[in-house]
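First up is the structure itself, then whatever we jot down about it.
A, B, ... follow the sequence lines: proteins, then strands. Residue 1 opens every chain. As a basis for the values below, the full set of heavy atoms in this structure was taken, side chains included, without hydrogen atoms, waters or symmetry mates.
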Number of protein chains: 2
Amino acid sequence: MQKLTLVKVGGKVVEESDSLQDLLNRFSQLEGLKVLVHGGGRSATAMAERLGIETKMVDGRRITDQAMLEVVTMVYGGLVNKNIVAQLQASGINAIGLTGADLNYMQAVKRPVKDIDYGFVGDVVAVHVDELKLLVEKNVVPVLAPLTHDKKGQLLNTNADTIAAEAAIGFSRYFEVELVYCFEKPGVLENADDDYSVIQSLNHAGFKALQVSGAIHTGMIPKLDNSFNAISKGVHQVRITNIEGLQKGGTTLVGD
Amino acid sequence: MQKLTLVKVGGKVVEESDSLQDLLNRFSQLEGLKVLVHGGGRSATAMAERLGIETKMVDGRRITDQAMLEVVTMVYGGLVNKNIVAQLQASGINAIGLTGADLNYMQAVKRPVKDIDYGFVGDVVAVHVDELKLLVEKNVVPVLAPLTHDKKGQLLNTNADTIAAEAAIGFSRYFEVELVYCFEKPGVLENADDDYSVIQSLNHAGFKALQVSGAIHTGMIPKLDNSFNAISKGVHQVRITNIEGLQKGGTTLVGD
């Protein structure tokens with residue numbers, strides 16, 4: 001099987017032009033087939049504020065009413081995505097920017113309302129990467145925005161970490177996939193205050209133990225849940241690292 | 001050669017949900033391979049106004065400074081494009097939304113400043129439809145936003161009629177292309193005030209004669225220039241019509 005590297009970038013990395021440029025340079029140098037997934041929450045919050053739309057978050061997740069859906073569609077699908085694509089093209093990478101509606105590659109359902117009404121937030125139900133595979137094999141690099149659709153005409157806001165994990169699982173049918181979560185920290189830390197305490201390798205049992213002991217930062221938990229879920233569904237390897245560790249480094253998550 | 005129908009829609013048609021739905025229903029029913037090109041100027045102007053950005057037009061063309069480029073990138077590349085894609089997917093059409101930066105399918109240069117500085121407006125210099133051809137042959141329907149790039153990282157605003165003509169020329173290498181300009185009027189009118197005065201067929205000499213006599217509405221002239229240019233460069237046929245005439249009807253432009 002051919003290798004494919006799927007890199008998820010988010011947070012400040014992708015929203016400040018200096019760090020974005022650094023990231024794209026490093027990403028361009030990665031060998032072989034690759035896919036980029038980006039966030040853009042800070043830009044969406046900033047644009048919402050300019051439009052007088054209040055941002056409401058619950059447990060780090062954005063409440064997405066109709067007005068906020070328009071903002072994230074514009075910012076994730078347009079502003080952030082197309083600027084990344086244009087910059088990758090300038091580096092000689094044949095990028096293509098997509099939401100889940102494009103090629104119907106990622107279908108979701110609007111999250112059912114239980115305690116909290118998240119609004120137009122999508123939980124992924126199906127991934128179709130057949131046409132994307134054709135493009136990837138021609139050295140095209142998909143750039144995936146954190147948006148899905150319900151196949152009934154409704155766009156939905158879906159967390160970029162989830163998009164990355166689901167796309168990685170989808171591509172695992174055709175490729176040996178390494179999923180790399182690239183964020184501000186150099187990896188999963190044994191001590192959240194010590195950037196030198198990177199855990200080199202972590203299996204699911206180890207993750208659960210760290211979770212029980214309270215050592216893992218709350219924000220890390222969904223990322224690790226996504227990661228181990230991806231591994232259990234065929235993704236070859238998951239790494240969690242920062243820009244500097246894109247090529248190698250950080251925490252490698254492994255199956256049990 | 002296989003036939004391909006490339007439909008350009010703009011103006012109110014694409015920006016009001018009722019007429020957009022009607023258009024997409026009719027477009028879905030067109031047989032064979034197809035491509036959709038959309039505008040979105042009214043939405044861009046409305047969004048700019050909400051953001052306190054002034055819209056300046058010269059001869060119907062938008063002056064695109066940095067702030068306005070962000071607006072059109074968001075609105076054309078995100079809001080309008082992705083909503084059309086999601087709605088086409090709901091009609092069972094496997095759509096994919098693209099700007100010229102995606103797959104580097106349409107490259108442009110920033111328009112040189114002569115009398116007027118149009119800002120980040122792109123004049124098309126190269127069209128690459130090789131990867132798009134692969135997708136189109138798999139019944140994927142590209143949905144093209146009026147944005148290009150300079151392959152140096154800069155997105156550019158390019159008139160949707162021009163995008164349509166240039167894409168039609170590009171696809172003519174592989175397909176027998178019919179380009180359909182779909183707008184508010186039923187065709188090219190002999191008398192601008194009489195919707196029943198549609199000219200059925202027009203060649204370049206006839207167009208020039210109407211231009212000299214002043215019969216043709218000023219707004220029509222760039223559309224017709226684009227059309228005859230497209231025909232001279234290999235596009236099989238161009239039609240100018242409204243939603244009702246999408247399947248057949250309107251004014252057919254022919255080579256000399």
Side-chain angles (χ1 to χ4, degrees), chain A residues 21 24 43 47 50-53 69-105 107 128 130-132 134-135 137-143 145 147-156, chain B residues 21 24 43 47 50-53 69-105 107 128 130-132 134-135 137-143 145 147-156:
Chain A
Q21 198 48 58
L24 296 180
S43 301
M47 184 55 64
R50 285 179 62 190
L51 290 165
I53 297 163
L69 181 67
E70 286 189 11
V71 170
V72 297
T73 302
M74 293 196 302
V75 171
Y76 300 163
L79 197 59
V80 176
N81 188 269
K82 297 312 175 189
N83 275 304
I84 292 175
V85 168
Q87 287 185 53
L88 285 174
Q89 289 286 356
S91 314
I93 288 191
N94 195 9
I96 183 170
L98 303 168
T99 69
D102 299 294
L103 297 171
N104 185 31
Y105 97 80
Q107 204 177 314
H128 311 107
D130 292 12
E131 290 93 357
L132 277 185
L134 283 183
L135 292 172
E137 284 174 344
K138 296 203 164 289
N139 281 304
V140 170
V141 173
V143 177
L147 294 165
T148 55
H149 77 141
D150 68 356
K151 195 93 169 53
K152 295 172 189 161
Q154 181 66 58
L155 292 164
L156 295 164
Chain B
Q21 199 46 60
L24 295 181
S43 300
M47 185 54 64
R50 285 179 62 190
L51 290 166
I53 297 163
L69 181 67
E70 285 189 11
V71 171
V72 297
T73 301
M74 293 195 303
V75 172
Y76 300 163
L79 197 58
V80 176
N81 189 270
K82 297 312 173 189
N83 274 303
I84 291 175
V85 168
Q87 286 187 52
L88 285 173
Q89 290 286 357
S91 315
I93 288 189
N94 195 9
I96 183 170
L98 302 169
T99 69
D102 299 294
L103 298 171
N104 186 31
Y105 96 81
Q107 205 176 315
H128 310 108
D130 292 12
E131 289 94 358
L132 277 185
L134 283 183
L135 292 173
E137 285 175 343
K138 297 204 164 286
N139 281 305
V140 170
V141 174
V143 177
L147 295 165
T148 56
H149 77 139
D150 69 357
K151 194 92 169 55
K152 294 171 190 161
Q154 181 66 56
L155 291 164
L156 295 164

Atom [atom1] in [X], atom [atom2] in [Y]: separation rounded to 0.5 Å?
| X | Y | atom1 | atom2 | answer |
| --- | --- | --- | --- | --- |
| B:His128 | B:Asn104 | NE2 | CG | 5.5 Å |
| A:Asn139 | A:Ile93 | CG | CD1 | 9.5 Å |
| A:Glu70 | B:Asn83 | CD | CG | 7.5 Å |
| A:Leu156 | A:Leu69 | CG | CG | 7.0 Å |
| B:Met74 | B:Leu79 | CE | CG | 9.0 Å |

Taking every heavy-atom pair that is under 4.5 Å apart, which of [options] has the most such pairs with chain A?
| options | value |
| --- | --- |
| B:Gln107, B:Gln154, B:Met47 | B:Met47 |
| B:Ala145, B:Gly100, B:Gly97 | B:Gly97 |
| B:Asn94, B:Thr99, B:Val85 | B:Asn94 |
| B:Arg50, B:Lys138, B:Lys152 | B:Arg50 |

Inset, instruction - Taking all non-hydrogen atoms of both residues into account, name the closest pair between A:Ala90 and B:Gly153 and its distance. - result: CB-N, 3.4 Å
Can you tell me which of [options] forms the most heavy-atom pairs within a distance under 4.5 Å of chain B?
| options | result |
| --- | --- |
| A:Leu103, A:Thr73, A:Ile96 | A:Leu103 |
| A:Ala86, A:Ser91, A:Gly77 | A:Ala86 |
| A:Leu147, A:Val71, A:Leu135, A:Val80 | A:Leu135 |
| A:Leu51, A:Ile84, A:Leu88, A:Val140 | A:Leu51 |

Legend entry - Part of A:Asp150 within contact of chain B (heavy atom distance under 4.5 Å): neither
Inset, instruction - Please look at B:Leu134 and chain A and tell me whether the side chain, the backbone, both or neither of the residue comes under 4.5 angstrom of a heavy atom of that chain. - result: side chain
Inset, instruction - Measure the shortest side-chain to side-chain distance between A:Asp102 and B:Lys82 over non-hydrogen atoms and say whether it is less than 4.5 angstrom. - result: yes
